[in-house]
Amino acid sequence: MELRTRPWVLLSSLFVLLIVAGFLLFPLDSDQSSQEYASKQTATFKATRHNIWAELTESEAAEVNDFIFEEFAHLNLTKHPKSARDNSVFIVETLKPNKTDAVAYLYDDGPSPPERWAKAAIAQNLEDGPYMVYYMIGPLPITKDSTILPLYYPFNSGRNNVPNPIQDFAAIQDFALVMAEDVSDITQELLGATANREKPDDPHGLLAFPRGSRIETGGFVLWMQFYRPGMSSGARTLLPQGIYAKVNATSSDIDEWSVGEFYYNGVVYANAQEFRSAVNGPDFERTPPNLDGSWTDTEDFDSHPPGRELPPPVSVQPYGPRYKLDHKERFVSWFGFEFYITTAQATGVSLYDIRFKGERVMYELGLQEAMAHYAGDDPMQGGLEFMDSFFGMGKNAFELVPGYDCPAYADYLDVEWHQAYSTHHTPNSICVFEYTADYLLSRHTAQYSVTASRNTFLTVRSVSTVGNYDYTIDYIFYLDGSLEVKVRASGFIFGAFYAANNTKSEDEYGHRIHDALSSSMHDHVINFKADMDVAGSRNDLVRLAIQPMTKSYEWDQPEQKKRNTMHLVEHPVTEEAGLDWPKNSGEFFLVYSSDEKNAWGERKGYRITSGTGMGSTPHLTILNSTTLGDSARWAEHDIWVLKHKDTEPRSADPLNYFSPHDPIINFAEMADHESLEHGAPDTDYDGDLVIYFNVGAHHVPHSGDIPNTLMHTSASSVMFVPHNFNDRDPSRESVQGVRLQLKGHKSGGFAGELAEPNGDLRSRMDKRSKEGKTKARYFGATYDKSIKLPLEAFEPNMEGYVSKEHDVTDLSYNGSAAGVWHREEAFGG
Ligand SMILES: [Cu+2]
């Protein structure tokens, strides 16, 4: 995605950043289209309760904004701030109700919904400068009883604010431009290009982007690197230019900032003049430039290998959806699963009150933070790290491409969010659809019969595009009660400049993937919260180890004195802890109900396991990251178990990015080894557990990541799998499939033990079928009527595709969680 830049914007970001319909099928031979069928379903299907987590409506947001304006008149709030020195309301959104209040409404009969409150982040100048300050506003709707309170309780720092280190965004942009112009003779000499003040995105010009690094002593040190802006595909993160400038930004007054050292081809120069002298000297060692070209194009429109003349197979949904969707309450019901969908600006989609066949499974499931942490021996990659909630995984969940992001038949949901006094409407940014896998859920061949059950699942999908990466985030539900959280990444990598004539350490941090580009290793660690309530909120986490042992059995005597074998050993997890996936998958992490058992006397449980994708889901390789400080301690282990507390609703906050060494939420202080013991008379803990877990990848991009990283191999997931939760496989009652009775009524024996020595299964099936003796008995409905499908069922017509509302967020610092300056006002655009 190309950034939206202004002509005068050289620096598209401070922190970098970036760069980084469902029409349905019409059975034409039927009076009732599936769309009509679906809309009738929708019209009649109602959630039993309100979606108490729903995002503020536009009118609620306006009401909250007006209320703050009146109540906080002393702050001189402006609707069009020109810099961080102006006070303004940045965002308003729903303050999700405390679980303690919500569960009474959800699970007890009678109580009314919990009070509805809003949360606001106000850009506010305190005594020592600009801050982002959190408040809570409510109850809603606004009445004379409503109030505004500082919002402290979700933040274990004890603060409700974070200093905003950037005082004047426009001035920083200008600072970068002046720096670039001061060395234009050098960039012309080495790169054949200069910054273009009149046209910063000139593909033949240069941009300079900084990597902000909050240092422990306060203030910033910025390293800026030159980039080419990219041509047709805007591949600027593939176009680092290998000239870096250090900016001393420790003062909050930009007038006191200065450009210091330069870095090129492994050499540090004390200042621009020393760099210039070296460039003009006889012994200067150049390195080849990193030029744009067709190698960064994301598409090849011209190649025609055999087969490309035909489009590929697609999935269709001939008779309409089988899930029920209450659009208003964002409530979904599908074969025993029920849940509510909501969104937040920072974190995107969350699901609440997930039940399976009427029993509670999870109270909450949702993204907390998406981090990418790089390593390298240059000043940019060496300290580069992104936490994408800062830019907004929800705000940047753009419209989905129908028929591509989701099947043509998917249902879509719109998202609204409220920032700087306006409501942004992103249409079709969440899709819901059923899909049938290309492999079966179960099959069994017996001597006289074969049975096959389709694996049909339900997916809730969104795609968050933050800078250079597109993250596809799926919540997947299976007929047996399993849930999966899966993230796939695509887009341009954030590459490093490869000094091709330098013999030192480039290959230590990645592979050379073009003339002067290194693939730049990095870890993606993406944190989710799963507030598990397995058959109720009282739960226990146990590690069920599969262990080798040597044992003597009485029945083995006297022939076998000792037998080498294995067994199960249960290790209860008795305090808050971070766990890593065990070696050889040698342990099951099980969340058991403390109270509820199945028919066999076994505790009802769900297993948490690294799911499908490329290898086990990772945690951060870097130990005690210098860049991250205390801002993302959740990245240090694979899964975490914590006590549920209303005062710890999230593992992270977007503003952690601003103060990594003193974050507003420090996860390490949440996961602080408190006892999980419950049930004894002297404990007051109720046994309600929260799990945090990570997905992601150790990403070592290779030549195949050019132009874009591919989703099928950048995928990872965590699954929650019923473990004695039911008395037997619950998918039997809902699955669709067929049993073929091959011979008579019997079904005993194994397929290999053939009664007819010469007949293999297939030939017998064929023979019986010809003789009309094979009986096919279906479970679940069958396709019993052929229909004509319109072309749109295969390929939505997107000629002239326009979204009036499509709002590509500015991913610069200005579009981040702390960017509060009104662009038009500030820059006259
Ligand atoms: Cu990556």
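We count ligands from 1, going down the list as the structure has it; atoms in each ligand are counted the same way.
When only modelled atom types and interatomic distance are considered, K529 and S651 share no side-chain donor-acceptor pair under 3.5 Å. Counted by atom type alone, Y469 and D388 present zero donor-acceptor pairs between their side chains at under 3.5 Å.
D523 places a side-chain N or O within donor-acceptor distance of the main-chain N or O of T621, the cut-off being under 3.5 Å. At distances below 3.5 Å, at least one donor-acceptor pair connects side-chain atoms of S464 with backbone N or O atoms of M393.
With respect to the Cu ion (ligand 1), H522 has NE2 as its nearest N, O or S atom.
For the pair NE2 of H524 and ND1 of H699, the angle whose vertex sits at the Cu ion (ligand 1) is 120° to 10 degrees.
The Cu ion (ligand 1) has Y469 among its coordinating residues (N/O/S atom, backbone or side chain, under 2.8 Å).
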